[in-house]
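Only a predicted model underlies this, so the values are computations on that prediction, with no experimental measurement involved. Start at 1 and go down the list; that is how both ligands and their atoms are numbered.
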Amino acid sequence: VDSHVRLSPELERDAAHVWHPWSPVGSSTGPMIRQAIGYRLVGTDGRSYLDGISGAMNCSCGHGRDDLVQTATRQLATLAHIDLSAGAHEPSGALAERLAGLFDHQISRTFFANSGSEGIEVACRIALNLFANRGTARPRLVSFARGYHGSTSLCQALSGLPAVLADVPSAVPVTRVELTDSPSAMAHADAIPRLLHAWEEALDDEAQGEAAAVVVEPLLNAGGGIILHPSFLRGLRDLCDRRGVLLIVDEIFTGFGRTGSMFGFEHSGVVPDIVVMSKGITSGYFPLSAVSTREEIYQQFRRDPVYGGLRYGHTTSGHAVACAVALEVIRIIKDEGLVLNARERGADLLAGLCQLTGHPDVVDVRGQGLVVVIECVSPESAARLRTALQGNGVLLRQQMSSLLAVPPLVIDAAGVSEMVDRVTAVFEVEGVHAS
Ligand SMILES: Cc1ncc(COP(=O)(O)O)c(C=O)c1O
């Protein structure tokens with residue numbers, strides 16, 4: 001922090017003591033937020049912002065909701081938590097049953113953890129241990145080089161993104177598949193056969209052992225907001241079936257309505273073997289992740305030689321308050337039609353931001369549900385625009401060269417039109433500077 005700039009006491013305290021995740025030392029890139037309501041955030045300096053990042057890309061139901069606060073408070077007063085390895089509590093059972101009702105009937109068994117990364121860690125452990133328990137060990141995983149699955153060592157090993165590259169060696173070999181065309185091309189059917197061919201080669205490259213599972217996001221979030229044509233997941237499902245490999249779908253970002261369907265994989269009509277959820281599952285009101293799979297996979301863990309089950313868990317796995325909140329979130333998503341709203345308001349937002357096509361900083365504008373992506377010419381141009389947008393009262397998420405507008409799914413037509421106006425105004429001014 002520049003010592004000449006006088007900070008408020010709360011910012012000074014933060015600068016002195018908080019180690020921010022994924023942030024260069026000494027940086028302070030975003031505003032300090034004191035309060036939030038719906039899709040609006042209010043800073044400690046009294047400034048108001050349109051929340052185009054849904055808190056942490058998770059606040060699907062909007063901020064400051066009394067129904068979620070009441071649900072959490074009631075559960076806290078009744079039972080905060082009991083260890084799910086020592087007993088059971090009602091909210092986790094009710095939530096697991098509710099999740100099963102959202103999926104194809106084959107997916108009916110759920111393991112709970114706290115963060116998205118833990119969920120991915122669990123999903124990979126399930127796949128790797130499943131084959132080991134059968135006595136036909138398959139040690140390897142396959143993922144997208146531009147995928148992001150979290151920040152534990154194994155999750156980092158799944159990603160080839162420059163900012164995420166593992167800084168400690170991975171115990172599990174991973175083959176990472178590069179995009180075969182530009183990010184914008186991936187939304188088109190004609191790019192998919194080439195991409196699937198690259199996945200096939202990665203699965204067949206057994207120098208480091210056979211693959212147990214592939215791990216994919218239905219829409220690559222941190223990789224730059226890359227929309228995959230639905231034929232990709234269909235083709236990958238088919239490849240996995242032919243090779244006996246498990247399909248793990250990372251719905252941490254896309255799940256619970258974000259892309260205009262309840263889950264991202266629904267756009268392609270496939271049934272994954274394992275689905276990993278977090279973020280929107282509690283709308284960010286409490287930490288939770290969930291890993292759902294087929295009963296038959298669960299039953300095979302009887303063969304575990306030490307425990308007769310999965311050797312994994314955290315103290316707060318499936319916290320009772322988190323599970324109660326998630327149940328209420330699913331009720332809200334259904335009762336308030338938030339999946340449809342994501343589709344409709346997403347279409348409006350995309351149409352509005354498509355005005356930026358042809359701007360000197362912009363390579364592509366694309367969207368799926370309430371994920372609208374402005375791909376810029378470089379990470380530097382995206383960073384400059386993100387800062388300017390913040391100055392004009394709208395927060396967007398920078399992912400590499402892209403800016404993602406991912407507002408809460410409760411955003412209304414007035415919010416979308418204000419967001420479009422604020423964003424286009426900034427690009428107009430910045431366009432004059434850029435040209
Ligand atoms: C697609 C995806 N997977 C995994 C993660 C990691 O989740 P968490 O940050 O909760 O560990 C994220 C977080 O942004 C994500 O977007």
Problem set entry | Thr387 side chain to Gln390 side chain, donor-acceptor N/O pair below 3.5 angstrom | no
Problem set entry | Closest approach of any protein heavy atom to atom 3 (N) of ligand 1, naming residue and atom | Asp250 OD2, 2.7 Å
For this session: Look at ligand 1 and say whether Lys279 reaches it with a heavy atom at a distance under 4.0 Å.
Result: yes
For this session: Number the atoms of ligand 1 from 1 as they appear, then name those within less than 4.0 Å of a heavy atom of Glu217, with their elements.
Result: 1 (C)
For this session: Say whether, by atom type as modelled, one donor and one acceptor occur between the side chain of Ser402 and the main chain of Gly224 under 3.5 angstrom.
Result: yes
Exercise. Are any of the heavy atoms in Asn221 under 4.0 Å away from ligand 1?
Worked result: yes
Exercise. If you measure only the distance, is there a donor-acceptor pair under 3.5 Å linking the side chains of Gln70 and Arg74?
Worked result: no
For this session: Give the numbers and elements of all ligand 1 atoms closer than 4.0 Å to a heavy atom of Gly116.
Result: 7 (O), 8 (P), 10 (O), 11 (O)
Exercise. Atom 6 (C) of ligand 1: which protein heavy atom is closest, and how many Å away?
Worked result: Gly150 CA, 3.6 Å
Exercise. Backbone or side chain, does any N or O of Glu118 fall under 3.5 Å from an N or O of ligand 1?
Worked result: no
Exercise. Is there at least one pair of N or O atoms, one from Tyr148 and one from ligand 1, spaced under 3.5 Å apart?
Worked result: yes
Problem set entry | atom 11 (O) of ligand 1 [closest protein heavy-atom partner, distance rounded to 0.1 Å] | Ser117 OG, 2.5 Å
Exercise. Are Phe111 and Tyr298 close enough that their ring centres sit under 6.0 Å apart?
Worked result: no
Exercise. Any chance the side chains of Asp250 and His149 put a donor and an acceptor closer than 3.5 Å?
Worked result: yes
Problem set entry | Modelled atom types, side-chain donor and acceptor of Ser292 and Thr110, under 3.5 Å | yes
Exercise. With no hydrogens and no angle check, is any side-chain donor or acceptor of Asn341 less than 3.5 Å from a backbone partner on Leu409?
Worked result: yes
Exercise. For ligand 1, which part of His149 has a heavy atom less than 4.0 Å away: the side chain, the backbone, both, or neither?
Worked result: backbone
